[in-house]
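Residue numbers begin at 1 in each chain, while the letters A, B, ... track the order of the sequences. This is a predicted model, so every value here is computed, not measured.
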Amino acid sequence: MKRTHSCGELKKKDIDKEVTLCGWVQKRRDHGGLIFIDLRDREGITQVVFNPKISKESHRKAQGLRSEYVLSVGGKVSPRPRGTENKSLPTGEIEVLASKLEILNESQTPPFEIADRVKALEDLRLRYRYLDLRRRPMQENIILRHRVAKATRDFLDKKGFIEVETPILTKSTPEGARDYLVPSRVNPGRFFALPQSPQLFKQMLMVAGFDRYFQIARCFRDEDLRADRQPEHTQIDLEASFVEPGDIYALIEEMMSYLFKATLGVRIKRPFPITTYQEVMDRFGTEKPDIRFDLELIDVTEIGKEGDYRIFKEAASIKGIRAPKGENLSLKEIEKLSEIALVYGAKGLAWLKVTKEGMASPIAKFFSEKVKNSLMRKMKAEEGDLLLFIADKPEIANGALGQVRLALGRKLRLINEKGYRFLWVIDFPLLEFDEEEKRFKAMHHPFCMPKEGDLPLLEKEPLKVRSKTYDLVLNGVELGTGSIRIHDPRLQKRVFRLLGLGEEEISFKFGFFLEALEYGAPPHGGIALGLDRLVMIMAGRETIRDTIAFPKTQRATSLLTGSPSLVSEEQLKELRLKIER
RNA sequence: GGGGACGUCGUCUAGUCUGGUUAAGACACCUGGCUGUCAAUCAGGAAAGCGUGGGUUCAAAUCCCAUCGUCCCCGCCA
């Protein structure tokens, strides 16, 4: 036994105990006659004092200690002299008077300081991830992640869910994201795909009668990265038989409530509001609205067209948003908002300031007092407000103004950073039209059940068909996606055909799955929640990289290991692969 | 595929717009002093030729071109 206690637990009550601590040298303060070492481990920091009167030998050895050396220190816990207690440290009332010192390992001077507040840039942190992970905030993130995963398992176990592992080496299927492929040496020219999600396996587990399944599942997608997107991410994946959407809502709401309580001690308000896709698009311009603040998009198409402003008159849709007290925003700040609108495809951002003297704006002259007044009324505008408008195709007007809304929320400090506001977004369209490929694509995935009432439209007006889908949104972040699935093989085939899949392709790609549905597949549904994103929000971080022990860069490489890397000719030959140069 | 920001001692920055002495500071590091520090302190020291390659110029960290890397975003991500 190298240690008797952790570096975070010794308190007044331990005074006079003989203890042995192990840890890293956080800091050495050498006063010549007296040396202080802050010894750090996962649990905290304890001050160790080397006094030649207690041990000449240890004091001599301690002179050679440097940052990040690994030590085992034996000594007596004693109260700090009156007036030298450190209130900012949980162990600050005591210190260990070292009588024994063993240097377990030395350390090079680290490339950056192991401090709570990082100064090092992220690429350096990633290259030395094991040092970055020594920092307390990173340890807290990873430990929080562990607690969330643990609480998830506890909760779902109690609810009768069985954790089942599904293959990592699986089959490439069309639709969705690009697959990561793995060549098969035993079957030259053939490839496994890493799963984008365990979707088909969990459905087949329902066919198998497991009734309730879950998995903390790694998912792989070979797409471009973002702050909240990594090539491999982890989902809390679950599926249940004989359920309605309401069963899933209730389960997930209870689970979220349990997770937040168990890990953060935070109470979550239930039930979560439920809104349709159509409604959130109209009101917030996005399928994942941040409802921590109220600003909503307002349809002013009718009123806007009454003026003489050509751009309004010719637009299919005019959406407006009211920035309370936005009068104070400078032209430059409005210009910034307008740039955001441009990025999201709008051609411009029109604005009106409501001042004492009336409407101040380059476009005010195009509108009569009457029109201006009805605009004011419709948007519930008050003096001092700034009104912003985008006139365009409905998708653009909504989408771009939705982004302006988010920027406004931040700019005007309307967002309660400490709040957790969940929202269900339901009834997504089953399909969307891909302009590039000129065909229908599944909005979520091809296994979502269409709403029964919309079934007659399936072949006639496919875009009007809504599906039994539900997205869970938290603070403007898409946390998870789920649906009731198709369990009828005939209906599943109809949907495949709608997606433009030929009979041959259907049986090649999905034959095994359709066959499974033929053998008494129960009605079922489920959801998958992004664990990385959930922990990111809980930890108050801006990127999921801070919640993943060993993440990849935006170019999908590991700076730590240098992967992906070249492989030997022999390896390629064995796989019968040739690299084109 | 596209847009943007950044790259200077170990680290983080200043310097770059407006080319011109020994490229500056803080932290870290090294040596020495110091028995109550915890952002220890005092004295001294070492440390980068400015991501890489090319070009312009009497002269390039600074201007131009290319390239590499990191980050943010659009597209993409069911």
_Please classify the nucleic acid contact of A/Gln47 as base, sugar-phosphate, or nothing, using heavy-atom distances under 4.0 Å._
base
_Nearest-neighbour nucleotide for the A/Gln554 side chain, B/U11, B/C77, B/C71 considered_ = B/C71
*Look at the side-chain N and O atoms of A/Arg545 and state whether any lies under 4.0 Å from the OP1 or OP2 oxygen of B/C72.*
yes
*Does the side chain of A/Ser483 come under 3.5 Å of the side chain of A/Arg485 through a donor N or O and an acceptor N or O?*
yes
*Please state the C1' separation for the pair B/C27 and B/C73 - nearest whole angstrom.*
33 Å
*Spell out, as yes or no, whether a donor-acceptor pair under 3.5 Å connects the side chain of A/Glu85 to the backbone of A/Gly83.*
yes
*asked:* Base, sugar-phosphate or nothing for A/Arg28? Non-hydrogen atoms, less than 4.0 Å.
replied: nothing
*Closest nucleotide among B/U37, B/C27, B/C76 to the A/Phe36 side chain*: B/U37
*Just one of A/Gln199, A/Lys202, A/Gln215 clears the side-chain hydrogen bond (donor to acceptor under 3.5 Å, both in side chains) bar with A/Thr166, so which one?*
A/Gln215
*asked:* With rounding to the closest Å, how many angstrom separate the P atoms on B/A23 and B/G49?
replied: 12 Å
_Within the 4.0 Å heavy-atom criterion, would you say A/Thr46 contacts the bases, only the backbone, or no part of the nucleic acid?_
nothing
*If you measure from the ring centre of A/His31 to the centre of the six-membered ring in the base of B/G36, is it under 5.5 Å, with the planes under 30° apart?*
no
*Give A/Asn51 one of three labels, base, sugar-phosphate or nothing, depending on what nucleic acid heavy atoms sit under 4.0 Å from its own.*
base
*Identify which nucleotide among B/C77, B/C38, B/C73 has an atom closest to any side-chain atom of A/Tyr344, counting heavy atoms from C-beta outward.*
B/C73
*Looking only at side-chain N and O atoms, does A/Lys27 come under 4.0 Å of OP1 or OP2 in B/A40?*
yes
*Centre of A/Phe508's six-membered ring, under 6.0 Å away, within 45 degrees of the axis: is that where NZ or CZ of A/Lys171 sits?*
yes
*Does the distance from a Lys or Arg side-chain N to an Asp or Glu carboxylate O, for A/Asp132 and A/Arg129, drop under 4.0 Å?*
yes
*asked:* At 4.0 Å (heavy atoms only), tell me whether A/Phe447 reaches a base, stays on the sugar-phosphate, or touches nothing.
replied: nothing
*From the options B/C76, B/C30, B/C71, select the nucleotide whose nearest atom is closest to the side chain of A/Leu126.*
B/C71
*Which one is paired to B/C50, where only Watson-Crick or G-U wobble pairs with both distances under 3.5 angstrom count?*
none
*Check the distance between B/U37's C1' and A/Lys87's NZ and give it to me in whole angstrom.*
15 Å
*Can A/Asp179 and A/Gln196 be counted as having a side-chain donor-acceptor contact under 3.5 angstrom?*
yes
_Say we look at B/G3 and B/A66: how far apart would their P atoms be, to the nearest angstrom?_
12 Å
_Selected nucleotide, minimal atom distance to A/Arg226 side chain, candidates B/G75, B/C38, B/C71_ = B/G75
_Students often get this wrong, so: under 4.0 angstrom with heavy atoms, is A/Ser197 touching a base, only sugar-phosphate, or nothing?_
base
*Any donor and acceptor pair, going by atom type alone, linking the side chain of A/Asp532 with main-chain N or O of A/Val535 inside 3.5 Å?*
no
*When we call it a touch if two heavy atoms are under 4.0 Å apart, what does A/Leu559 touch: a base, just sugar-phosphate, or nothing?*
sugar-phosphate
*asked:* What contact category does A/Pro81 fall into here, base, sugar-phosphate, or nothing, at under 4.0 angstrom with non-hydrogen atoms?
replied: base
*asked:* Any base atoms under 4.0 Å from A/Ile45, or only sugar-phosphate, or nothing? Heavy atoms, all strands.
replied: nothing
*Under 4.0 Å between a side-chain N/O of A/Arg555 and OP1 or OP2 of B/G69, yes or no?*
yes
*A/Thr109 side-chain proximity, nearest of B/C38, B/G75, B/C29*: B/C29
*Which nucleotide, B/C29, B/U70, B/U11, lies nearest any side-chain atom of A/Ser67?*
B/C29
*asked:* Distance check, P atoms only: B/C74 and B/A24, in whole angstrom units.
replied: 42 Å
*Is it the case that A/Thr547 and A/Asn141 place a side-chain donor and acceptor less than 3.5 Å from each other?*
no
*Of the listed nucleotides B/C71, B/C73, B/U11, the one nearest the side chain of A/Ala227*: B/C73
*Mind checking A/Arg80 for me? I need base, sugar-phosphate or nothing, with any heavy atom below 4.0 Å counting as a touch.*
base
*Sugar-phosphate only, base, or nothing, as touched by A/Glu122 at under 4.0 Å among non-hydrogen atoms*: sugar-phosphate
*For the side chain of A/Arg178, counting heavy atoms from C-beta on, which of B/C76, B/A40, B/U70 is nearest?*
B/C76
*Looking for any heavy atom pair under 4.0 Å, which part of the strands does A/Glu95 touch: base, sugar-phosphate only, or nothing?*
base
*5′-ward residue of the pair A/Thr553/A/Ala442 relative to RNA chain B*: A/Thr553
*Distance between the C1' atoms of B/C63 and B/C50, in whole angstroms?*
15 Å
*On RNA chain B, check which nucleotide each of A/Leu121 and A/Thr84 is closest to and give me the residue with the more 5' one.*
A/Leu121
_N or O in side chain of A/Arg66 less than 4.0 angstrom from B/C30 OP1/OP2_ = yes
*Considering only the C1' atoms, how many Å lie between B/G55 and B/U13, rounded to the nearest integer?*
30 Å
